[in-house]
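Structure first, then comments.
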Amino acid sequence: MPRSLETLAFENAYVALPEDYYRRVAPEPLRNARLVAFNAEASALLDLDPAEAARPDFVAYFNGEKRLPNSDPIATLYAGHQFGVYVPQLGDGRALLLGEVRNARGEKWEVQLKGSGRTPYSRAGDGRAVLRSTIREYLGSEAMHALGIPTTRALCVIGSDEPVYRETIERGALLVRLAPTHIRFGSLEVFFYRRRPEDVARLANYVIERFFPDFRKLDEPERFAAFLQEVTARTARLVAQWQAVGFAHGVLNTDNMSILGLTLDYGPFGFLDDYDPHFICNHSDGTGRYAFDQQPGIVLWNLRCLAQTLAPLAPRERLAAALGAFRDLFFDEYERLMFAKLGLSDPRAEDAELLADWLELLARNRADYTIAFRRLAEVVPEDPAHPANGRLQDAFTDREAVAAWLDRYGARLAQDKLPPAERRRRMQGVNPKYILRNYLAQMAIERAQDGDFTEIERLLDALRRPYDEQPAQARYAEPPPAWGRRLEISCSS
Ligand code: AMP
Ligand code: MG
(Lines give C-alpha, C1' and ligand atoms only; values in the text may rest on other atoms or scores of the structure.)
(Ligands and ions follow the chains in the order given, each with its own letter.)
Protein backbone atom coordinates (compact mmCIF):
# COMPACT_ATOMS: atom_id res chain seq x y z
CA MET A 1 0.00 0.00 0.00
CA PRO A 2 1.59 3.30 -1.05
CA ARG A 3 1.81 5.74 1.81
CA SER A 4 1.40 9.48 2.08
CA LEU A 5 4.10 11.76 3.45
CA GLU A 6 2.22 11.90 6.73
CA THR A 7 1.99 8.14 7.14
CA LEU A 8 5.57 7.08 6.32
CA ALA A 9 6.58 4.43 8.85
CA PHE A 10 9.41 6.26 10.64
CA GLU A 11 11.52 4.56 13.29
CA ASN A 12 14.52 6.23 14.87
CA ALA A 13 16.97 3.70 16.25
CA TYR A 14 20.01 5.97 16.15
CA VAL A 15 18.56 8.33 18.73
CA ALA A 16 18.44 5.43 21.20
CA LEU A 17 22.26 5.39 21.12
CA PRO A 18 24.09 7.48 23.76
CA GLU A 19 23.57 11.22 23.56
CA ASP A 20 26.96 12.29 22.30
CA TYR A 21 26.70 10.08 19.20
CA TYR A 22 24.56 12.79 17.59
CA ARG A 23 22.89 16.15 18.07
CA ARG A 24 19.24 16.99 17.44
CA VAL A 25 19.15 19.74 14.83
CA ALA A 26 16.28 21.44 13.03
CA PRO A 27 16.86 21.90 9.30
CA GLU A 28 17.19 25.51 8.11
CA PRO A 29 14.81 25.89 5.15
CA LEU A 30 16.21 27.11 1.84
CA ARG A 31 14.68 30.26 0.37
CA ASN A 32 12.08 29.72 -2.41
CA ALA A 33 12.60 25.99 -2.49
CA ARG A 34 11.27 23.98 -5.41
CA LEU A 35 11.46 20.43 -6.66
CA VAL A 36 14.22 19.91 -9.23
CA ALA A 37 14.16 16.13 -9.58
CA PHE A 38 12.14 13.32 -8.10
CA ASN A 39 12.93 9.63 -8.35
CA ALA A 40 9.84 7.45 -8.23
CA GLU A 41 11.99 4.32 -8.17
CA ALA A 42 13.56 5.39 -4.88
CA SER A 43 10.23 6.49 -3.43
CA ALA A 44 9.09 2.89 -3.82
CA LEU A 45 11.79 1.91 -1.29
CA LEU A 46 9.90 3.96 1.30
CA ASP A 47 6.48 2.79 0.07
CA LEU A 48 5.92 6.48 -0.65
CA ASP A 49 3.20 7.17 -3.22
CA PRO A 50 5.01 8.98 -6.09
CA ALA A 51 1.96 11.22 -6.52
CA GLU A 52 2.96 12.83 -3.21
CA ALA A 53 5.82 14.60 -5.01
CA ALA A 54 3.23 16.86 -6.67
CA ARG A 55 1.99 18.21 -3.33
CA PRO A 56 3.45 21.55 -2.19
CA ASP A 57 3.97 19.88 1.17
CA PHE A 58 6.50 17.52 -0.37
CA VAL A 59 9.00 20.37 -0.70
CA ALA A 60 7.86 21.92 2.59
CA TYR A 61 8.63 18.69 4.46
CA PHE A 62 12.02 17.92 2.94
CA ASN A 63 13.04 21.58 3.05
CA GLY A 64 12.39 21.58 6.77
CA GLU A 65 9.50 24.08 6.71
CA LYS A 66 7.38 21.31 8.21
CA ARG A 67 8.38 18.29 10.27
CA LEU A 68 7.54 14.91 8.75
CA PRO A 69 5.41 13.14 11.36
CA ASN A 70 7.55 10.86 13.57
CA SER A 71 10.83 11.97 12.03
CA ASP A 72 13.50 13.10 14.50
CA PRO A 73 16.26 15.02 12.66
CA ILE A 74 19.79 14.49 13.96
CA ALA A 75 23.34 15.16 12.83
CA THR A 76 25.61 12.22 13.61
CA LEU A 77 29.13 12.36 14.97
CA TYR A 78 32.11 10.88 13.16
CA ALA A 79 35.80 11.48 12.55
CA GLY A 80 38.10 10.21 9.84
CA HIS A 81 41.41 10.09 8.07
CA GLN A 82 41.41 12.78 5.39
CA PHE A 83 44.25 12.49 2.86
CA GLY A 84 46.09 10.29 5.33
CA VAL A 85 45.74 12.57 8.35
CA TYR A 86 43.45 11.86 11.27
CA VAL A 87 40.88 14.61 11.86
CA PRO A 88 39.39 14.10 15.31
CA GLN A 89 36.00 15.58 14.64
CA LEU A 90 33.98 15.71 11.48
CA GLY A 91 30.36 14.59 11.69
CA ASP A 92 27.36 15.52 9.57
CA GLY A 93 28.27 19.13 8.88
CA ARG A 94 25.49 19.66 6.39
CA ALA A 95 23.44 16.46 6.56
CA LEU A 96 20.56 15.45 8.80
CA LEU A 97 19.20 12.00 9.42
CA LEU A 98 15.42 12.16 9.64
CA GLY A 99 15.14 8.56 10.80
CA GLU A 100 14.53 5.20 9.18
CA VAL A 101 11.46 4.33 7.16
CA ARG A 102 10.31 0.73 7.26
CA ASN A 103 8.69 -0.59 4.09
CA ALA A 104 6.23 -3.42 3.59
CA ARG A 105 9.08 -5.80 2.76
CA GLY A 106 10.50 -5.16 6.23
CA GLU A 107 13.48 -3.18 4.92
CA LYS A 108 14.50 -0.03 6.73
CA TRP A 109 15.88 2.93 4.82
CA GLU A 110 17.58 5.87 6.47
CA VAL A 111 16.32 9.15 5.05
CA GLN A 112 18.96 11.85 5.04
CA LEU A 113 18.91 15.49 3.97
CA LYS A 114 22.19 16.79 2.54
CA GLY A 115 22.51 20.57 2.39
CA SER A 116 19.93 21.39 5.08
CA GLY A 117 21.96 23.96 7.00
CA ARG A 118 24.51 24.21 9.78
CA THR A 119 24.94 21.65 12.53
CA PRO A 120 27.24 21.49 15.58
CA TYR A 121 29.66 19.59 13.30
CA SER A 122 29.76 22.18 10.50
CA ARG A 123 33.15 23.61 11.56
CA ALA A 124 33.78 26.52 9.14
CA GLY A 125 31.21 25.26 6.61
CA ASP A 126 27.88 26.85 5.77
CA GLY A 127 25.90 23.62 5.99
CA ARG A 128 24.82 23.98 2.39
CA ALA A 129 25.20 22.04 -0.84
CA VAL A 130 25.04 23.62 -4.28
CA LEU A 131 22.74 22.62 -7.12
CA ARG A 132 25.70 21.41 -9.21
CA SER A 133 26.98 18.88 -6.66
CA THR A 134 23.51 17.79 -5.67
CA ILE A 135 22.60 16.93 -9.27
CA ARG A 136 25.90 15.08 -9.63
CA GLU A 137 25.17 12.94 -6.58
CA TYR A 138 21.56 12.35 -7.67
CA LEU A 139 22.60 11.17 -11.13
CA GLY A 140 25.78 9.43 -9.96
CA SER A 141 24.19 7.32 -7.29
CA GLU A 142 21.24 6.25 -9.43
CA ALA A 143 23.56 5.45 -12.37
CA MET A 144 25.69 3.27 -10.08
CA HIS A 145 22.62 1.48 -8.80
CA ALA A 146 21.53 0.74 -12.36
CA LEU A 147 24.99 -0.65 -13.10
CA GLY A 148 24.49 -3.08 -10.22
CA ILE A 149 27.05 -1.40 -7.93
CA PRO A 150 26.17 -1.01 -4.24
CA THR A 151 25.44 2.63 -3.44
CA THR A 152 23.35 5.06 -1.47
CA ARG A 153 20.20 6.04 -3.36
CA ALA A 154 18.65 9.40 -4.18
CA LEU A 155 15.01 10.35 -3.64
CA CYS A 156 14.98 13.92 -4.88
CA VAL A 157 16.76 17.21 -5.40
CA ILE A 158 15.31 20.43 -4.09
CA GLY A 159 16.62 23.70 -5.52
CA SER A 160 16.31 27.25 -4.20
CA ASP A 161 17.20 30.92 -4.59
CA GLU A 162 19.53 30.79 -1.59
CA PRO A 163 22.95 32.20 -2.56
CA VAL A 164 25.80 29.89 -1.60
CA TYR A 165 29.39 31.08 -1.80
CA ARG A 166 31.89 28.73 -3.44
CA GLU A 167 34.45 29.72 -6.13
CA THR A 168 31.52 31.73 -7.50
CA ILE A 169 28.08 32.47 -6.10
CA GLU A 170 25.88 29.44 -6.68
CA ARG A 171 22.40 28.40 -5.59
CA GLY A 172 21.78 26.25 -2.55
CA ALA A 173 20.09 22.89 -3.06
CA LEU A 174 19.36 19.81 -1.07
CA LEU A 175 19.57 16.11 -1.82
CA VAL A 176 17.39 13.59 -0.07
CA ARG A 177 19.33 10.36 0.01
CA LEU A 178 18.57 6.89 1.25
CA ALA A 179 20.68 4.04 2.55
CA PRO A 180 20.19 1.12 4.93
CA THR A 181 22.67 3.12 7.02
CA HIS A 182 25.07 5.99 6.39
CA ILE A 183 27.48 4.78 9.12
CA ARG A 184 31.08 5.21 8.02
CA PHE A 185 34.45 3.82 9.14
CA GLY A 186 34.91 7.23 10.78
CA SER A 187 31.76 6.74 12.89
CA LEU A 188 33.69 4.02 14.78
CA GLU A 189 37.13 5.65 14.56
CA VAL A 190 35.98 8.67 16.55
CA PHE A 191 35.48 6.53 19.66
CA PHE A 192 38.76 4.66 19.30
CA TYR A 193 40.69 7.94 19.33
CA ARG A 194 38.65 9.15 22.28
CA ARG A 195 39.77 5.98 24.07
CA ARG A 196 36.23 4.67 24.38
CA PRO A 197 36.47 1.08 23.12
CA GLU A 198 33.13 0.27 24.75
CA ASP A 199 31.51 2.76 22.38
CA VAL A 200 33.30 1.27 19.37
CA ALA A 201 31.83 -2.06 20.51
CA ARG A 202 28.37 -0.54 20.98
CA LEU A 203 28.27 0.96 17.48
CA ALA A 204 29.77 -2.17 15.91
CA ASN A 205 27.08 -4.19 17.67
CA TYR A 206 24.46 -1.79 16.34
CA VAL A 207 25.65 -2.53 12.79
CA ILE A 208 25.96 -6.28 13.44
CA GLU A 209 22.50 -6.48 15.00
CA ARG A 210 20.87 -4.89 11.95
CA PHE A 211 22.97 -5.99 9.02
CA PHE A 212 25.05 -9.03 9.95
CA PRO A 213 22.70 -10.91 12.31
CA ASP A 214 24.58 -14.19 11.82
CA PHE A 215 27.46 -12.81 13.88
CA ARG A 216 25.25 -12.19 16.91
CA LYS A 217 25.74 -15.75 18.11
CA LEU A 218 29.55 -15.37 18.15
CA ASP A 219 31.28 -14.33 21.36
CA GLU A 220 32.54 -10.80 21.36
CA PRO A 221 36.18 -10.96 20.32
CA GLU A 222 35.29 -13.41 17.55
CA ARG A 223 32.25 -11.35 16.57
CA PHE A 224 34.32 -8.22 15.93
CA ALA A 225 36.86 -10.16 13.89
CA ALA A 226 34.02 -11.59 11.79
CA PHE A 227 32.67 -8.06 11.45
CA LEU A 228 35.97 -6.78 10.05
CA GLN A 229 36.13 -9.79 7.75
CA GLU A 230 32.67 -9.01 6.38
CA VAL A 231 33.37 -5.29 5.91
CA THR A 232 36.65 -6.21 4.19
CA ALA A 233 34.92 -8.63 1.83
CA ARG A 234 32.19 -6.13 0.91
CA THR A 235 34.67 -3.33 0.41
CA ALA A 236 36.95 -5.52 -1.74
CA ARG A 237 34.01 -6.47 -3.95
CA LEU A 238 32.91 -2.85 -4.19
CA VAL A 239 36.28 -1.51 -5.27
CA ALA A 240 36.62 -4.35 -7.80
CA GLN A 241 33.34 -3.19 -9.33
CA TRP A 242 34.58 0.42 -9.41
CA GLN A 243 37.75 -0.63 -11.22
CA ALA A 244 35.84 -2.78 -13.71
CA VAL A 245 33.35 -0.08 -14.65
CA GLY A 246 35.92 2.73 -14.59
CA PHE A 247 34.62 4.72 -11.61
CA ALA A 248 36.89 6.99 -9.62
CA HIS A 249 35.47 8.12 -6.28
CA GLY A 250 37.83 11.04 -5.80
CA VAL A 251 37.86 11.43 -2.00
CA LEU A 252 38.45 8.07 -0.36
CA ASN A 253 38.84 9.37 3.17
CA THR A 254 37.74 6.99 5.92
CA ASP A 255 34.76 9.23 6.67
CA ASN A 256 33.52 8.52 3.12
CA MET A 257 33.83 4.73 3.50
CA SER A 258 30.52 3.00 4.13
CA ILE A 259 30.46 0.29 6.78
CA LEU A 260 28.14 -1.69 4.46
CA GLY A 261 30.39 -1.44 1.40
CA LEU A 262 28.21 1.08 -0.42
CA THR A 263 29.47 3.84 -2.69
CA LEU A 264 29.02 6.84 -0.39
CA ASP A 265 29.49 10.61 -0.56
CA TYR A 266 29.69 11.50 -4.21
CA GLY A 267 31.95 14.52 -4.53
CA PRO A 268 34.37 15.10 -7.39
CA PHE A 269 33.85 11.54 -8.68
CA GLY A 270 34.27 10.65 -12.33
CA PHE A 271 33.78 7.81 -14.75
CA LEU A 272 36.71 7.27 -17.10
CA ASP A 273 36.29 8.52 -20.62
CA ASP A 274 39.62 7.61 -22.22
CA TYR A 275 41.46 4.91 -20.33
CA ASP A 276 44.07 6.54 -18.15
CA PRO A 277 44.89 4.33 -15.17
CA HIS A 278 46.35 7.32 -13.33
CA PHE A 279 43.22 9.42 -13.83
CA ILE A 280 42.76 11.94 -11.00
CA CYS A 281 39.20 13.21 -10.93
CA ASN A 282 39.56 15.44 -7.89
CA HIS A 283 41.11 18.73 -8.91
CA SER A 284 42.35 19.26 -5.33
CA ASP A 285 44.18 15.90 -5.19
CA GLY A 286 47.59 17.19 -6.29
CA THR A 287 49.56 14.04 -5.49
CA GLY A 288 47.05 11.61 -6.95
CA ARG A 289 46.50 9.86 -3.64
CA TYR A 290 43.00 8.98 -4.88
CA ALA A 291 43.87 8.39 -8.55
CA PHE A 292 41.85 5.67 -10.29
CA ASP A 293 44.51 2.96 -10.06
CA GLN A 294 45.28 3.80 -6.42
CA GLN A 295 41.78 2.96 -5.23
CA PRO A 296 42.27 -0.70 -4.25
CA GLY A 297 45.39 0.13 -2.23
CA ILE A 298 43.78 3.15 -0.59
CA VAL A 299 40.69 1.20 0.33
CA LEU A 300 42.93 -1.38 2.02
CA TRP A 301 44.70 1.46 3.84
CA ASN A 302 41.27 2.62 5.05
CA LEU A 303 40.39 -0.90 6.18
CA ARG A 304 43.60 -0.87 8.24
CA CYS A 305 42.28 2.21 10.03
CA LEU A 306 39.09 0.32 10.79
CA ALA A 307 41.11 -2.68 12.02
CA GLN A 308 43.07 -0.41 14.32
CA THR A 309 39.81 0.92 15.70
CA LEU A 310 38.74 -2.65 16.50
CA ALA A 311 42.14 -3.64 17.92
CA PRO A 312 41.14 -3.22 21.59
CA LEU A 313 38.17 -5.53 20.98
CA ALA A 314 39.52 -8.50 19.06
CA PRO A 315 42.72 -10.57 18.82
CA ARG A 316 45.29 -8.86 16.59
CA GLU A 317 46.03 -11.99 14.59
CA ARG A 318 42.35 -12.43 13.75
CA LEU A 319 42.09 -8.82 12.59
CA ALA A 320 45.29 -9.20 10.59
CA ALA A 321 43.89 -12.34 8.96
CA ALA A 322 40.71 -10.47 7.98
CA LEU A 323 42.78 -7.73 6.33
CA GLY A 324 45.09 -10.28 4.80
CA ALA A 325 42.18 -11.70 2.84
CA PHE A 326 41.64 -8.39 1.03
CA ARG A 327 44.24 -8.93 -1.68
CA ASP A 328 42.80 -12.23 -2.93
CA LEU A 329 39.21 -11.10 -2.50
CA PHE A 330 39.89 -8.02 -4.59
CA PHE A 331 41.93 -9.69 -7.34
CA ASP A 332 39.60 -12.68 -7.64
CA GLU A 333 36.59 -10.44 -8.02
CA TYR A 334 38.37 -8.00 -10.33
CA GLU A 335 39.56 -10.81 -12.61
CA ARG A 336 36.15 -12.43 -12.59
CA LEU A 337 34.57 -9.15 -13.69
CA MET A 338 37.24 -8.34 -16.27
CA PHE A 339 37.25 -11.81 -17.82
CA ALA A 340 33.48 -11.56 -18.10
CA LYS A 341 33.96 -8.21 -19.85
CA LEU A 342 36.23 -10.04 -22.32
CA GLY A 343 33.53 -12.67 -22.80
CA LEU A 344 35.58 -15.59 -21.46
CA SER A 345 33.32 -18.17 -19.86
CA ASP A 346 36.08 -20.43 -18.44
CA PRO A 347 39.03 -18.17 -17.70
CA ARG A 348 42.52 -19.61 -17.24
CA ALA A 349 45.65 -18.22 -15.65
CA GLU A 350 47.16 -17.21 -18.99
CA ASP A 351 44.18 -14.96 -19.76
CA ALA A 352 45.66 -12.43 -17.34
CA GLU A 353 48.22 -11.58 -20.01
CA LEU A 354 45.58 -11.12 -22.69
CA LEU A 355 43.73 -8.77 -20.37
CA ALA A 356 46.86 -6.85 -19.35
CA ASP A 357 47.83 -6.36 -23.00
CA TRP A 358 44.34 -5.14 -23.86
CA LEU A 359 44.40 -2.60 -21.05
CA GLU A 360 47.90 -1.54 -22.06
CA LEU A 361 46.62 -1.01 -25.60
CA LEU A 362 43.75 1.08 -24.29
CA ALA A 363 46.06 3.18 -22.13
CA ARG A 364 48.66 3.72 -24.87
CA ASN A 365 45.98 4.80 -27.35
CA ARG A 366 43.93 6.72 -24.79
CA ALA A 367 40.96 4.77 -26.14
CA ASP A 368 37.56 5.33 -24.59
CA TYR A 369 37.20 2.65 -21.90
CA THR A 370 33.45 2.15 -22.18
CA ILE A 371 33.25 2.34 -25.97
CA ALA A 372 36.20 -0.03 -26.52
CA PHE A 373 34.68 -2.75 -24.33
CA ARG A 374 31.24 -2.29 -25.84
CA ARG A 375 32.62 -2.58 -29.37
CA LEU A 376 34.65 -5.61 -28.37
CA ALA A 377 31.37 -7.43 -27.79
CA GLU A 378 30.56 -6.97 -31.49
CA VAL A 379 33.78 -8.17 -33.10
CA VAL A 380 34.03 -11.24 -35.32
CA PRO A 381 37.73 -12.09 -35.01
CA GLU A 382 37.60 -15.04 -37.41
CA ASP A 383 36.59 -12.64 -40.21
CA PRO A 384 39.30 -9.94 -40.33
CA ALA A 385 37.28 -7.89 -42.83
CA HIS A 386 34.18 -7.73 -40.65
CA PRO A 387 32.99 -4.12 -40.21
CA ALA A 388 32.56 -4.59 -36.44
CA ASN A 389 36.32 -5.22 -36.15
CA GLY A 390 36.93 -1.97 -38.00
CA ARG A 391 34.62 -0.13 -35.61
CA LEU A 392 36.65 -1.41 -32.67
CA GLN A 393 39.90 -0.39 -34.38
CA ASP A 394 38.49 3.08 -34.94
CA ALA A 395 38.39 3.58 -31.18
CA PHE A 396 42.22 3.44 -31.19
CA THR A 397 44.95 5.42 -32.94
CA ASP A 398 47.06 2.32 -33.64
CA ARG A 399 44.77 0.09 -35.71
CA GLU A 400 47.48 -2.44 -36.46
CA ALA A 401 48.12 -3.09 -32.80
CA VAL A 402 44.41 -3.75 -32.29
CA ALA A 403 44.38 -6.17 -35.23
CA ALA A 404 47.33 -8.06 -33.73
CA TRP A 405 45.64 -8.29 -30.36
CA LEU A 406 42.38 -9.36 -32.03
CA ASP A 407 44.22 -12.29 -33.62
CA ARG A 408 45.23 -13.55 -30.20
CA TYR A 409 41.78 -12.83 -28.81
CA GLY A 410 40.13 -14.73 -31.67
CA ALA A 411 42.39 -17.74 -31.09
CA ARG A 412 41.46 -17.71 -27.43
CA LEU A 413 37.73 -17.38 -28.11
CA ALA A 414 37.91 -20.35 -30.46
CA GLN A 415 38.77 -22.45 -27.40
CA ASP A 416 35.91 -21.04 -25.32
CA LYS A 417 32.74 -23.07 -25.30
CA LEU A 418 30.33 -20.11 -25.65
CA PRO A 419 28.65 -19.74 -29.06
CA PRO A 420 29.32 -16.24 -30.53
CA ALA A 421 25.74 -15.00 -30.13
CA GLU A 422 25.64 -16.02 -26.49
CA ARG A 423 29.03 -14.46 -25.86
CA ARG A 424 27.86 -11.18 -27.40
CA ARG A 425 24.71 -11.23 -25.30
CA ARG A 426 26.68 -11.83 -22.11
CA MET A 427 29.28 -9.20 -22.97
CA GLN A 428 26.61 -6.61 -23.56
CA GLY A 429 25.19 -7.49 -20.17
CA VAL A 430 28.45 -6.59 -18.41
CA ASN A 431 29.90 -3.86 -20.63
CA PRO A 432 27.65 -0.82 -20.25
CA LYS A 433 26.80 1.37 -23.20
CA TYR A 434 25.65 4.25 -20.97
CA ILE A 435 27.68 5.70 -18.11
CA LEU A 436 27.44 9.09 -16.42
CA ARG A 437 30.19 10.86 -18.29
CA ASN A 438 31.23 14.15 -16.76
CA TYR A 439 30.17 16.15 -19.77
CA LEU A 440 26.67 14.64 -19.66
CA ALA A 441 26.28 15.60 -16.02
CA GLN A 442 27.66 19.04 -16.86
CA MET A 443 25.05 19.59 -19.59
CA ALA A 444 22.21 18.62 -17.26
CA ILE A 445 23.63 20.92 -14.58
CA GLU A 446 23.99 23.92 -16.88
CA ARG A 447 20.41 23.52 -18.08
CA ALA A 448 19.20 23.23 -14.50
CA GLN A 449 21.12 26.35 -13.51
CA ASP A 450 19.13 28.10 -16.27
CA GLY A 451 15.90 26.79 -14.76
CA ASP A 452 15.27 23.84 -17.09
CA PHE A 453 15.31 20.61 -15.06
CA THR A 454 14.11 18.29 -17.82
CA GLU A 455 17.54 17.14 -18.97
CA ILE A 456 18.17 15.49 -15.58
CA GLU A 457 15.24 13.12 -16.09
CA ARG A 458 16.02 12.47 -19.76
CA LEU A 459 19.61 11.56 -18.97
CA LEU A 460 18.66 9.42 -15.98
CA ASP A 461 16.17 7.59 -18.13
CA ALA A 462 19.04 6.39 -20.37
CA LEU A 463 21.30 5.63 -17.41
CA ARG A 464 18.68 3.43 -15.79
CA ARG A 465 19.24 0.74 -18.45
CA PRO A 466 22.98 1.03 -19.03
CA TYR A 467 23.39 -2.34 -20.72
CA ASP A 468 20.50 -2.00 -23.19
CA GLU A 469 21.09 -0.70 -26.70
CA GLN A 470 18.33 1.97 -26.47
CA PRO A 471 18.87 3.36 -30.00
CA ALA A 472 16.73 6.41 -29.21
CA GLN A 473 19.19 7.40 -26.48
CA ALA A 474 22.37 6.81 -28.49
CA ARG A 475 23.46 10.44 -28.12
CA TYR A 476 24.22 9.69 -24.46
CA ALA A 477 26.67 6.97 -25.48
CA GLU A 478 28.89 9.38 -27.43
CA PRO A 479 32.43 10.10 -26.25
CA PRO A 480 32.92 13.60 -24.85
CA PRO A 481 33.12 16.57 -27.19
CA ALA A 482 36.42 18.49 -27.04
CA TRP A 483 35.12 20.88 -24.37
CA GLY A 484 33.90 18.00 -22.24
CA ARG A 485 37.17 16.06 -21.96
CA ARG A 486 39.01 16.23 -18.68
CA LEU A 487 36.64 18.70 -17.12
CA GLU A 488 38.12 19.85 -13.85
CA ILE A 489 35.81 18.91 -11.04
CA SER A 490 36.44 21.05 -8.04
CA CYS A 491 36.19 19.55 -4.61
CA SER A 492 33.87 22.37 -3.51
CA SER A 493 30.32 21.21 -3.32
P1 AMP B 1 33.31 15.69 2.39
O2 AMP B 1 34.70 16.03 1.95
O3 AMP B 1 32.24 16.28 1.53
O4 AMP B 1 33.14 14.22 2.60
O5 AMP B 1 33.11 16.39 3.81
C6 AMP B 1 34.01 16.25 4.87
C7 AMP B 1 33.38 16.85 6.11
O8 AMP B 1 33.10 18.22 5.92
C9 AMP B 1 32.08 16.20 6.55
O10 AMP B 1 32.06 16.21 7.94
C11 AMP B 1 31.03 17.13 5.98
O12 AMP B 1 29.84 17.07 6.70
C13 AMP B 1 31.71 18.48 6.13
N14 AMP B 1 31.26 19.46 5.14
C15 AMP B 1 31.47 19.46 3.82
N16 AMP B 1 30.91 20.53 3.25
C17 AMP B 1 30.31 21.24 4.22
C18 AMP B 1 29.57 22.45 4.28
N19 AMP B 1 29.31 23.16 3.19
N20 AMP B 1 29.12 22.86 5.49
C21 AMP B 1 29.38 22.17 6.60
N22 AMP B 1 30.07 21.03 6.62
C23 AMP B 1 30.53 20.56 5.45
MG1 MG C 1 31.91 13.00 3.32
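All values below were derived from every heavy atom in this structure, side-chain atoms included, with hydrogens, water molecules and symmetry-related copies excluded. Note that the numbering runs from 1 along the sequence shown for the chain. When a ligand or atom number is given, it counts from 1 through the structure's own listing order. Being a predicted model, the structure only gives us computed values, none of them experimental.
- The pair Asp161-Arg34 meets the salt-bridge criterion, with a side-chain N (NZ, NE, NH1 or NH2) lying under 4.0 Å from an Asp/Glu carboxylate O.
- Between Tyr138 and Glu457 the shortest heavy-atom distance is OH-OE2, 3.4 Å.
- Looking only at heavy atoms of the protein, atom 16 (N) of ligand 1 is closest to Arg94 NE, 3.2 Å.
- Within a 4.0 Å radius of atom 5 (O) of ligand 1, the protein contributes no non-hydrogen atoms.
- Neither the backbone nor the side chain of Val251 comes within contact range of ligand 1; no heavy atom lies under 4.0 Å.
- Contact atoms of ligand 1 toward Leu90: 10 (O) (distance under 4.0 Å to a heavy atom of the residue).
- Considering backbone and side-chain N/O atoms, Asp92 never comes within less than 3.5 Å of an N/O atom of ligand 1.
- By the neighbour-count criterion of 12 heavy atoms within 6.0 Å, atom CD of Glu19 is sparsely surrounded, having that number or fewer from other residues, nucleotides or ligands.
- Note on ligand 1: Arg118 sits outside its first shell, no heavy atom being nearer than 4.0 Å.
- A donor-acceptor pair shorter than 3.5 Å can be found between the side chains of Glu189 and His81.
- Of the listed residues (Ala124, Gly250, Gly93, Ser493), the one carrying the non-hydrogen atom nearest atom 21 (C) of ligand 1 is Gly93.
- An N or O contact shorter than 3.5 Å is missing between Gln82 and ligand 1 by distance.
- At least one N or O atom of Gly127 sits closer than 3.5 Å to an N or O atom of ligand 1.
- Distances from ligand 1 to the non-hydrogen atoms of Gly91 include at least one value under 4.0 Å.
- Remark: Arg184 engages Asp265 in a salt bridge, criterion side-chain N to carboxylate O under 4.0 Å.
- Annotation for ligand 1: atoms under 4.0 Å from non-hydrogen atoms of Arg128 are 19 (N).
- Contacts between Arg166 and ligand 1, counted as non-hydrogen atom pairs separated by less than 4.0 Å, involve the side chain only.
- By the criterion of a heavy-atom distance under 4.0 Å, neither the backbone nor the side chain of Tyr121 is placed next to ligand 1.
- The two atoms that bring Pro432 and Thr370 nearest to each other are O-CG2, 3.1 Å, heavy atoms only.
- Between Asp368 and Arg437 there is a salt bridge, since at least one side-chain N of the basic residue sits less than 4.0 Å from a carboxylate O of the acidic one.
- No more than 12 heavy-atom neighbours from other residues, nucleotides or ligands sit within 6.0 angstrom of CZ on Arg195.
- Under a 4.0 Å N-O distance rule, the pair Glu170/Arg128 does not qualify as a salt bridge.
- Counting only protein N, O or S atoms, the number found under 2.8 Å from the Mg ion (ligand 2) is 2.
- No side-chain donor-acceptor contact under 3.5 Å links Arg464 and Tyr434.
- Donor-acceptor pairing under 3.5 Å is recorded for the side chains of Tyr193 and Gln308.
- Residue contact check: Arg123 has heavy atoms under 4.0 Å from atoms 7 (C), 8 (O), 13 (C) of ligand 1.
- Remark: ligand 1 and Gly125 share no N or O pair separated by less than 3.5 Å (distance only, no angle test).
- Near Ser122, meaning under 4.0 Å from any of its heavy atoms, are these atoms of ligand 1: 21 (C), 22 (N).
- Partners of His182 according to the ring-ring contact (aromatic ring centres under 6.0 Å, His included) rule, which considers only residues two or more places apart in sequence or in another chain, do not exist here.
- Near Asp265, meaning under 4.0 Å from any of its heavy atoms, are these atoms of ligand 1: 4 (O).
- Considering backbone and side-chain N/O atoms, Asp126 comes within less than 3.5 Å of an N/O atom of ligand 1.
- Phe271 and Phe269 have perpendicular rings, their planes meeting at more than 60° on a 0 to 90° scale where under 30° would count as parallel.
- One finds no salt bridge joining Arg171 and Glu162 here, because no Lys/Arg side-chain nitrogen approaches an Asp/Glu carboxylate oxygen to under 4.0 Å.
- From the protein, the heavy atom lying nearest to atom 2 (O) of ligand 1 is Asn256 ND2, 4.5 Å.
- Here the CG atom belonging to Asn282 is positioned 10.0 Å from the CG atom belonging to Leu252, to the nearest 0.5 angstrom.
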